[in-house]
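Convention: sequence-line order gives letters A, B, ...; per-chain numbering from 1.
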There are 2 protein chains.
Amino acid sequence: MVLRMGRTSDARERLVQSAIDLIWQASYGAVGVDAICERAGVKKGSFYHFFASKDELVVAALDAHWATRRVDLDRVFSPTLPPLERLKNYFAHIFARQTAVRQKYGRVLGCFHHSVGSECIQAAPVIAAKVQSVVTMYRMYLETTLRDAKAVGLIRAGDPVVHAKTLLAFIEGALTQARIHDDPELLRNLEGTGLALIGLGSAAQDAEATHPG
Amino acid sequence: MVLRMGRTSDARERLVQSAIDLIWQASYGAVGVDAICERAGVKKGSFYHFFASKDELVVAALDAHWATRRVDLDRVFSPTLPPLERLKNYFAHIFARQTAVRQKYGRVLGCFHHSVGSECIQAAPVIAAKVQSVVTMYRMYLETTLRDAKAVGLIRAGDPVVHAKTLLAFIEGALTQARIHDDPELLRNLEGTGLALIGLGSAAQDAEATHPG
DNA sequence: CTCATTCTTGACTAGACGGTCAACTAAATG
DNA sequence: CATTTAGTTGACCGTCTAGTCAAGAATGAG
């Protein structure tokens, strides 16, 4: 029993990718099952062979998108790098990525998970739960990094957990602004302001230089 | 001709308010014209007497909501107050307001304009344009305040325009996080981190105190 | 070859969607 | 009172929605 019986197909994967593409560009409400099927080249009967509902597909799409984000972020936030470098990597990565997204999709799209989450939080509990868990994982990268930064003495005061929430809010807000204005430039100087948020701004660093203890 | 002829009615206002209530809680896509009409106690025929389309109603809702926000913000950002006090007022106002929103609607809702904007930016150009203009007005409060802060010597470096964009991104991001997690506590310490963003954090202020040149 | 399993297909449903319309009522003007 | 204007009503439209289902085709196992 090395292979499974019956027909094989990548229709499920195509459906998931189509859902990501269409919903990220527009929204959950604006994209119907029919549109997703058409883009994937899959008939609706097949859709409901793989997914019990539209919401279940969206949960799968959130998961799949997270899986690809995770590969990037594991590299960006590698514990082999000094914490400050991880943060700088991340800020640069966001700018580069949204610039690439704009090339591919024709406009800045911001964060898929947060967009879907904010839209569906009230009416679609399974989607809401998935988004909450993914957002928490985003935050964990920052938490770990900030804890390391504190251990190394890069940051003096403040709870890394609180700082991580703050930093995530700032980054996500910048992504939303970039989406609304279709302007990746709003993400270019994430680093300067992001570091200021956790007391590592250039001003604070100046102060540190002349007042180091 | 002191009064206008024909019947009078507040149906239009009721429709606008119902649209705000329902769409803010759920989303543009999840709320239909029928639901808005039912909540407003207005028949659909009347709806289309006042509005040419659902999108036109939503634009009116964004406008009406902005009008009420503006009253609050004009007070919060009164030029009679010192700039730092304006900012502190604003941060406190956001927390208090979302706490009140949670009491009234049963959950934290975040920013109506940004939620609708992020959802509709691709498929509904008239809504997108309205949101962009309102978001710009939000930013103007911050720009003016930061310009004043710089004039007073509260801030040393940095373009107020850039700082305003940054601060708005942070605030909006925090509101989205609060919506997604239904947690107003995420907004309690907006002041501490918000001021750090523009170089007025407690760390920077400590530095300033011992290094005031 | 036979059978079980997996996937595909297209036709189908019932309800919700945004939007239309003609007839009707209420108010102000002359 | 007649007319004009503004607002109300309920029935109606075509389309789109998520979701169903029975029949068939491809695949691997025995």
Worksheet item: Taking CE from A/M5 and C1' from C/dA4, how many angstroms apart are they, rounded to a whole number?
Response: 5 Å
Practice prompt. Scan B/G32 against the nucleic acid and name what it touches under 4.0 Å (heavy atoms): base, sugar-phosphate only, or nothing.
Written response: sugar-phosphate
Response to the item:
Regarding the side chain of A/H49, the nearest nucleotide among C/dG19, D/dT8, C/dC7 is C/dC7
Worksheet entry | Along DNA chain C (nearest heavy atom to each residue), the more 5'-positioned of B/A35 and A/K44 | A/K44
Practice prompt. In whole angstrom, give the distance that lies between atom CG of B/D10 and atom P of C/dA27.
Written response: 14 Å
Fill in: Between P of C/dG19 and CD of B/E56, the distance in whole Å
10 Å
Worksheet item: If only side-chain N and O atoms of B/S9 are considered, is one of them under 4.0 Å from the OP1 or OP2 phosphate oxygen of D/dT8?
Response: yes
Practice prompt. Describe the nucleic acid contact of B/F47 in one word from base, sugar-phosphate, nothing, applying a heavy-atom distance below 4.0 Å.
Written response: nothing
Practice prompt. Figure out the CD/P separation between B/E38 and D/dG10, and round it to whole Å.
Written response: 14 Å
Worksheet entry | Test: B/R75 and B/D72 ion pair at under 4.0 Å | yes
Worksheet entry | B/Y48 side chain near C/dT20 phosphate (N/O to OP1/OP2, under 4.0 Å) | no
Worksheet item: Centroid-to-centroid, A/F47 to A/F51, below 6.0 Å?
Response: yes
Worksheet entry | Ring centroid separation B/F112 to B/W66 under 6.0 Å | no
Worksheet item: In terms of the nearest nucleotide of DNA chain C, which residue is placed more toward the 5' end: B/V31 or B/S46?
Response: B/V31
Discussion item. Between P on C/dC17 and CG on B/L22, what's the gap in Å once rounded to a whole number?
Written reply: 12 Å
Worksheet entry | Given C/dA26, C/dG18, C/dT5, the nucleotide with the shortest approach to the side chain of B/R7 | C/dA26
Worksheet item: Could B/E85 and B/K88 be called an ion pair, given the rule that one side-chain N must be under 4.0 Å from one carboxylate O?
Response: no
Practice prompt. Report the nucleotide, chosen from C/dG10, D/dG19, C/dG19, that has the shortest atom-to-atom distance to any side-chain atom of A/K43.
Written response: C/dG10
Response to the item:
Sorted by position of nearest nucleotide on DNA chain D, 5' first, the leading residue of A/A52 and A/A30 is A/A30
Worksheet entry | Given D/dG19, C/dG18, C/dA4, the nucleotide with the shortest approach to the side chain of A/K54 | D/dG19
Worksheet, complete the sentence: A/D55 atom CG is separated from D/dT17 atom P, nearest whole Å, by 15 Å
Worksheet item: B/L57 has an atom CG; how far is it from atom P of C/dG19, in whole Å?
Response: 11 Å
Practice prompt. Answer yes or no on whether A/K54 is positioned over the face of A/Y28, meaning its NZ or CZ is under 6.0 Å from the six-membered ring centre and within 45° of the axis.
Written response: yes
Item to complete: Whole angstrom is fine here: how far is it from CG in B/D34 over to C1' in C/dT20?
Response: 14 Å
